[in-house]
Amino acid sequence: MGKKVLIKVKNLKRYYNSGNIIVKAIDGLNFEVEEGEFIAVIGPSGSGKTTMLRILGLIDSPTKGEYFSQGLNVANLPENERTYYRLTELGYIFQDYALINEMSALENVYMLSLMEGNSKKEAIETALDALKKVGLEGKENRVPNELSGGEKQRVAIARAISKTPHILFADEPCANLDTKTSEQVLDVLKNLNQKYGQTIIMVTHEEWHLKYASRIIELKDGLIKSDRKTRG
């Protein structure tokens, strides 16, 4: 029995107007994502990597095409339903951590759970479990200024996985980190993928990051140049 298909994209396009010029950021993507894959998206600057990730993460909308997530045509949902789906079903990791400096690591993680209507007790338990999964057990009461760059990014990962998202999106999560710290963060992502079965789609520009992925999608000029698996 095959793995469950989480994402199906058909002829996805995103065009922008820049003066009198139409910029084709992505120009007809077709692919599927199965449960449990760790996909690295690569390509030169301007190839459409971040645009694709923003559409899959429901932060942006396509100009044309279809985008199904868990069988639901999410691209055509009303804005309030898109927002709810993004908050409850998808996780997103940004380059700059996006943490609140006045809050502890624990508070940064459980805040979203409270906003979703969960009890504080449940939110804290879920947050502590997420922090443990990313190796920050014992540091939950530290504020971001007391954490290293790699620890801040791990708090951001914990926040994203605390709601057990079906898909975790990472937009160059190591862009602001040195090589050693990047390895620590990528090890966390690989562990989440292999131990817990978390599906991950990560945009990166570093060639050495690809060894962590099970599949590599290369974009060029808004199109898929290659799509290959690196491991089963």
Side-chain angles (χ1 to χ4, degrees), residues 3 5-70 72-77 79 82 85-86 90-96 98 153 160 165-177 179 182 185-186 189-190 193 199-231:
K3 290 186 178 180
V5 174
L6 291 183
I7 286 178
K8 184 177 288 187
V9 164
K10 295 181 179 179
N11 196 32
L12 203 67
K13 300 181 179 183
R14 183 65 170 101
Y15 296 166
Y16 299 95
N17 290 320
S18 179
N20 296 324
I21 300 171
I22 296 176
V23 178
K24 297 180 179 181
I26 55 176
D27 195 24
L29 301 182
N30 295 279
F31 63 91
E32 293 182 355
V33 176
E34 291 183 345
E35 191 173 38
E37 290 195 279
F38 186 163
I39 298 175
V41 182
I42 61 171
S45 179
S47 61
K49 303 186 301 296
T50 294
T51 299
M52 184 187 90
L53 204 72
R54 286 174 61 82
I55 290 174
L56 296 181
L58 297 183
I59 296 172
D60 196 2
S61 299
T63 305
K64 291 181 181 179
E66 295 179 304
Y67 167 29
F68 293 89
S69 181
Q70 302 179 84
L72 183 67
N73 192 350
V74 290
N76 294 332
L77 288 175
E79 188 56 39
R82 281 166 52 87
Y85 189 90
R86 182 175 71 243
L90 309 177
Y92 213 103
I93 305 166
F94 301 92
Q95 293 180 23
D96 59 357
Q153 191 59 293
H166 283 88
I167 304 148
L168 183 61
F169 299 100
D171 187 7
E172 298 199 29
C174 302
N176 299 322
L177 306 175
T179 300
S182 296
V185 168
L186 290 167
L189 292 176
K190 187 175 181 178
N193 172 249
T199 306
I200 300 172
I201 302 178
M202 176 182 72
V203 164
T204 183
H205 62 277
E206 295 285 353
E207 194 76 25
W208 68 270
H209 291 182
L210 304 185
K211 66 183 179 183
Y212 291 87
S214 61
R215 178 179 167 194
I216 301 165
I217 295 177
E218 183 178 2
L219 299 184
K220 185 177 181 181
D221 298 329
L223 292 165
I224 293 176
K225 181 182 178 182
S226 67
D227 184 347
R228 62 190 187 276
K229 290 195 174 185
T230 60
R231 52 183 164 87

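This is a predicted model, so every value here is computed, not measured.
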With a 4.5 Å cut-off on side-chain heavy atoms, are [Y] and [X] touching?
{"X": "Ile217", "Y": "Ile201", "value": "no"}
{"X": "Tyr92", "Y": "Leu90", "value": "no"}
{"X": "Thr63", "Y": "Tyr16", "value": "no"}
{"X": "Leu168", "Y": "Asn193", "value": "no"}
{"X": "Ile167", "Y": "Val33", "value": "no"}
{"X": "Leu72", "Y": "Leu77", "value": "yes"}
{"X": "Thr230", "Y": "Leu210", "value": "no"}
{"X": "Leu186", "Y": "Trp208", "value": "yes"}

- [ ] I would like to know whether Ser69 and His166 meet side-chain contact (heavy atoms from CB on, under 4.5 Å); could you show each step before the answer?
- [x] CA-CA 9 Å; Ser69 181; His166 283 88; over 6 Å; no

Are more than 12 heavy atoms from other residues, nucleotides or ligands located less than 6.0 Å from atom [atom1] of [X]?
{"X": "Lys190", "atom1": "NZ", "value": "yes"}
{"X": "Asp221", "atom1": "CG", "value": "no"}
{"X": "Lys8", "atom1": "NZ", "value": "no"}

For the student: nearest non-hydrogen atoms of [X] and [Y], plus distance:
{"X": "Ala75", "Y": "Arg82", "answer": "O-NH1, 3.8 Å"}
{"X": "Ile42", "Y": "Lys49", "answer": "C-CD, 3.4 Å"}
{"X": "Leu6", "Y": "Glu35", "answer": "CD1-CA, 3.8 Å"}
{"X": "Ala213", "Y": "Ile39", "answer": "CB-C, 4.4 Å"}
{"X": "Val5", "Y": "Ile7", "answer": "CG1-O, 3.3 Å"}
{"X": "Ile93", "Y": "Gln153", "answer": "CG2-OE1, 3.4 Å"}

So, taking the atom named [atom1] in [X] and the one named [atom2] in [Y], what distance separates them when rounded to the nearest 0.5 Å?
{"X": "Arg14", "Y": "Lys24", "atom1": "CZ", "atom2": "NZ", "result": "14.5 Å"}
{"X": "Leu177", "Y": "Gln95", "atom1": "CG", "atom2": "CD", "result": "10.0 Å"}
{"X": "Lys64", "Y": "Ile26", "atom1": "NZ", "atom2": "CD1", "result": "13.0 Å"}
{"X": "Thr50", "Y": "Ile55", "atom1": "OG1", "atom2": "CD1", "result": "11.0 Å"}
{"X": "Lys220", "Y": "Asp27", "atom1": "NZ", "atom2": "CG", "result": "14.5 Å"}
{"X": "Glu37", "Y": "Ile200", "atom1": "CD", "atom2": "CD1", "result": "11.5 Å"}

Task: Matching residue for His209 among Thr204, Val203, Leu189 - test: side-chain contact (heavy atoms from CB on, under 4.5 Å) - done: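 That would be Thr204.
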
Task: Check: Gly65 main-chain N/O paired with Asn11 side-chain donor or acceptor under 3.5 Å - done: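 The answer is no, because no donor-acceptor pair under 3.5 Å joins these two groups.
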
TODO: Please test Asn17 against Ile22 for side-chain contact (heavy atoms from CB on, under 4.5 Å), starting from the C-alpha separation and ending with a verdict.
DONE: CA-CA 5 Å; Asn17 290 320; Ile22 296 176; 3.6 Å; yes

- [ ] Could you tell me whether the side chains of Tyr67 and Asn76 share a donor-acceptor contact shorter than 3.5 Å?
- [x]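 Side-chain D/A pair, Tyr67 to Asn76: absent.
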
